[in-house]
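Written out below as structure tokens is the structure these notes cover.
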Amino acid sequence: MIAYLEVEHFVHGNETESIRNDDVSALEANFDLSTTGIASKDFGGMKSFKPLALIRPTTAAEVAQAVKAATRTSHLTVAARGNGHSINGQAMADKGLVLDMRAMENHYFQLLYLDGSPYVDVSGGALWEDVLKRCVLQFGLAPRSWTDYLSLTVGGTLSNAGVSGQAFRYGPQTSNVTELEVVNGKGDTLICNETQNSELFFATLGGLGQFGIITRARVMLQQAPHMVKWIRVVYSEIEDFTRDAEWLVIRQEGEGFDYVEGFVFVNSDDPCNGWSTVPIDPPNQRFDPVHIPSTSGPVLYCLELALHYRNTDHSSHVDMVVGGLLKRLGFVEGLKFEVDITYMEFMLRVNRAEEEAKCNGTWDAPHPWLNMFVSKSNIIDFDREVFKKILKHGVGGPILVYPLLRNKWDNRHSVVVPESNIFYIIALLRFIPPPPKGPPSELLVAQNHAIIQLCYNKGFDFKLYLPHYQSQENWMRHYGDKWSRFVDRKAVFDPLAILAPGQRFFSRIP
Ligand code: FAD
């Protein structure tokens, strides 16, 4: 048996001792035992739950074995852990089993063509970064839809949605997979797609790990470009920024940019939140504040764009295409930044920020992040109340804001988004040094709650992305009229509520 089980020796009371004895005797016949720490940690750094054990399965059969073993107990839960980049303990299992899905990251990797189109079968525990490198280097192909940061697992992002600057065109990552292999909460391993076990397929995508553990995903591919022209342009008014961003995301393929994102930054020389965060290639590029209109407010806006091209494309042609698009935009003259880099450098661009954060201590500090989707109809009010007031001094890291199109999201999936056809993702990616240098994370969590409450009070059409709630009432409110579908699917695919207990939906049924 390759997989092994690591049991935390946290046991003190008699009750826990007996849990350990019963459960472990059922499991240890199949798995080795030792100790670990990663299962009780995540990127958020604010929650910690000790599992009974960490299992490192290397095959889908071993995942199924662990889930089946849990079903034979009266209380054990099972959490798949991708790369542990959740914020609120979502991949943890208090006194349950945590499956380290990275252990099976190389189990599947297979290129295939269906009706002439390329796909790759990858493990649920594979990192997107590795999927990128292998697909580009071995086949000259790449997935179509991404996240910004790629040290996340396939199963982890597909359980949420997976959003980046390509989602306006291709939808989230969940809209770019055509088949899954899933171990459900009964320990059954099922292949599912739009026609076979379709309800499990739709439930699992964006399902926050509630219906099954993704052991394999079939990901749509396209030809990988060689190069990227990466551009940032600055706006002083939210109305101009949103008008141009929305115009860009409704362009057809071949008539616009291949990547559209944006962010808000502070209109000051603050080194973490202000002007200097905009140039792509410092110190070769400098943000000259002399260009900022005198009417500007406390925050400014930046559209981030990219155009893919191939080595064989003439630079004059690329410049002509980019120039043609940029001249339709109303950004502040003199505040345009651009570089040409390889596709791989572009895709791995966040690694530089990761290295910097590791050096300055903010990578390992708590991350009270907030991610939400806000309807186009509320974005101007959101800007006035949140960006210009509550967050006018920044969050110590990027404040992403860019539009997405609802018709690229599949209603049959579990994830819920606002009603309007255009909505904005807003991500407060706080990188704050721990106290005494920075504020306590509780204060920033309270600020997040104040923002969420404001959205409720104002009646905004919004949803949390990567949601986290403490009570079932809040989950019901989050899903709205999709809640009963969610509960019905849970009853079918995980009737004992064994899976992903860290999401805090349901109590384990004995
Ligand atoms: P984990 O945190 O390990 O797990 C998340 C949830 O999924 C848990 O409930 C877990 O039980 C479940 N799960 C994990 N693996 C599986 C599986 N194989 N099958 C079923 N359920 C599973 N998101 C975006 O959309 N776009 C971004 O650009 C983006 N950038 C990010 C940058 C950083 C630095 C960080 C920390 C996060 C970012 N995220 C982004 C959020 C990220 O997509 C989620 O946090 C995601 O869950 C992380 O993946 P993971 O592999 O670490 O999952």
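Here the structure is a predicted model, which means the values were calculated and not measured.
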Qualifying residues under salt bridge (charged side-chain N to carboxylate O under 4.0 Å, His left out), relative to D313, sequence neighbours excluded:
none
NE2-CG distance between H308 and D258, expressed to the nearest 0.5 angstrom
4.5 Å
Mind checking side chain to side chain donor-acceptor pair (under 3.5 Å) for H449 and listing every partner two or more places apart, or none if nothing turns up?
none
Taking the side chain from R56 and the backbone from A103, do they hold a donor-acceptor pair closer than 3.5 Å?
no
Chi angles and distances behind the side-chain contact (heavy atoms from CB on, under 4.5 Å) call for N311, M227
CA-CA 7 Å; N311 284 339; M227 297 293 294; 3.7 Å; yes
Geometric cation-pi criterion, R477 with Y456: 6.0 Å, 45°
yes
Could you tell me which non-hydrogen atom of W146 sits nearest to which non-hydrogen atom of P143, and how far apart they are?
NE1-O, 3.0 Å
So K463 and V415, do their side chains get closer than 4.5 Å, heavy atoms only?
no
Stepwise side-chain contact (heavy atoms from CB on, under 4.5 Å) test for F257 and I231
CA-CA 10 Å; F257 287 104; I231 301 155; 3.8 Å; yes
Looking only at atom types and distance, does a side-chain atom of D494 sit under 3.5 Å from a main-chain N or O of L499, one as donor and one as acceptor?
yes
Do any N or O atoms from the side chain of T153 and from the backbone of G156 form a donor-acceptor pair under 3.5 angstrom?
yes
dist K229:NZ -> L305:CG (nearest 0.5 Å) comes out at 12.5 Å
L405 side chain near I422 side chain, heavy-atom distance below 4.5 Å
yes
Sidechain-backbone polar pair: T147 side chain, L150 backbone, donor-acceptor under 3.5 Å
no
For P467 and L208, the nearest pair of non-hydrogen atoms, with its separation, is CG-CD1, 4.0 Å
When rounded to the nearest 0.5 Å, the distance separating CG of N176 from CZ of R218 is 15.0 Å
Residues pairing under side-chain hydrogen bond (donor to acceptor under 3.5 Å, both in side chains) where one sits in residues 401-410, two or more places apart or in two chains, turn out to be E261-Y402, D410-R412
Residue pair V182, N197: steps toward the side-chain contact (heavy atoms from CB on, under 4.5 Å) verdict
CA-CA 10 Å; V182 172; N197 296 312; over 6 Å; no
Kindly indicate whether the side chain of I399, heavy atoms from C-beta on, has any atom under 4.5 Å from the side chain of F263.
no
Please list all pairs passing the side-chain hydrogen bond (donor to acceptor under 3.5 Å, both in side chains) test where one or both residues lie in residues 198-210, with sequence neighbours left out.
E199-R489, Q210-K490
Okay, side chain of E62, backbone of T58: is any donor-acceptor separation there less than 3.5 Å?
yes
Quick one: which of N83, N351, L152 gives a side chain to side chain contact (heavy atoms under 4.5 Å, CB included) with E129?
N351
Interatomic distance, OG1@T362 vs CD@E354, rounded to 0.5 Å, equals 10.5 Å
Is any side-chain heavy atom of V120 less than 4.5 Å from a side-chain heavy atom of R134?
no
Look at atom NZ of K68 and say whether more than 12 heavy atoms of other residues, nucleotides or ligands are closer to it than 6.0 Å.
yes
Pair R102, E105 - check salt bridge (charged side-chain N to carboxylate O under 4.0 Å, His left out), show working.
CA-CA 5 Å; R102 294 283 309 280; E105 63 190 349; 2.8 Å; yes
Just jot down the side chain to side chain contact (heavy atoms under 4.5 Å, CB included) partners of M476, sequence neighbours excluded, or say none.
W483
Does D461 use its side chain to pair, donor to acceptor, with the backbone of E419 at less than 3.5 Å?
yes
Going by heavy atoms in the side chains, are I432 and L444 under 4.5 Å from each other?
yes
Taking only Lys NZ, Arg NE, NH1 and NH2, and the carboxylate oxygens of Asp or Glu, determine whether R216 and E179 approach each other closer than 4.0 Å.
yes
For S414 versus A203, what's the shortest heavy-atom pair and its separation?
OG-O, 2.6 Å
To the nearest 0.5 Å, tell me how far S377 OG sits from Y424 OH.
11.0 Å
Scan for ring-ring contact (aromatic ring centres under 6.0 Å, His included) pairs involving residues 205-232, sequence neighbours excluded, and state none if there are none.
F211-F486, W230-F346
If you compare all heavy atoms of G209 against all heavy atoms of S159, which two are closest, and at what distance to 0.1 Å?
N-CB, 3.9 Å
Applying side chain to side chain donor-acceptor pair (under 3.5 Å), name anything that partners S420, two or more places apart in sequence or on another chain.
S375
In terms of relative ring orientation, are H367 and F43 parallel, tilted or perpendicular, with 30° and 60° separating the classes?
parallel
Residues passing the side chain to side chain donor-acceptor pair (under 3.5 Å) test with T157, sequence neighbours excluded, are W128, Q173
Does any donor atom in the side chain of Y170 or Q222 lie under 3.5 Å from an acceptor atom in the other side chain?
yes
Are any side-chain N or O atoms of N378 and backbone N or O atoms of F462, one a donor and one an acceptor, separated by less than 3.5 Å?
no
Do you know which two heavy atoms are closest between G155 and I214, and how far apart they sit?
O-CD1, 4.0 Å
Side-chain contact, heavy-atom cut-off 4.5 Å: I87 with H468?
no
Can you establish whether the number of heavy atoms outside Q110 located under 6.0 Å from its atom CD is more than 12?
no
Partners meeting side chain to side chain donor-acceptor pair (under 3.5 Å) with D42 (sequence neighbours left out)
none
Looking at D148 and R349, is any side-chain nitrogen of the basic one under 4.0 Å from a carboxylate oxygen of the acidic one?
yes
Ring pair (Phe, Tyr, Trp, His ring centres under 6.0 Å) against Y149, all qualifying residues, sequence neighbours excluded:
H85, W363
What's the verdict on side-chain contact (heavy atoms from CB on, under 4.5 Å) for I425 and F373, showing C-alpha distance, side-chain angles and the deciding distance?
CA-CA 5 Å; I425 182 167; F373 298 129; 3.9 Å; yes
Roughly how far, to the nearest 0.5 Å, is CG of L307 from CG of D340?
9.5 Å
Considering all heavy atoms of both residues, which atom of I280 and which atom of R232 are nearest to each other, and what is their separation?
CG1-CD, 3.7 Å
Sub-3.5 Å donor-acceptor pair from the side chain of T71 to the main-chain atoms of K186, do we have one?
no
If only atom types and distance count, is the side chain of T189 paired as donor or acceptor with the main-chain N or O of V183 below 3.5 Å?
no
My understanding is that only residues two or more places apart in sequence, or in another chain, count here; which of them pass side chain to side chain contact (heavy atoms under 4.5 Å, CB included) with Q196?
I191, N193
Contacts of type side chain to side chain contact (heavy atoms under 4.5 Å, CB included), residue L466, not counting sequence neighbours:
N160, N371
Ignoring hydrogens and angles, tell me if any N or O in the side chain of S40 forms a donor-acceptor pair with the backbone of S48 under 3.5 Å.
no
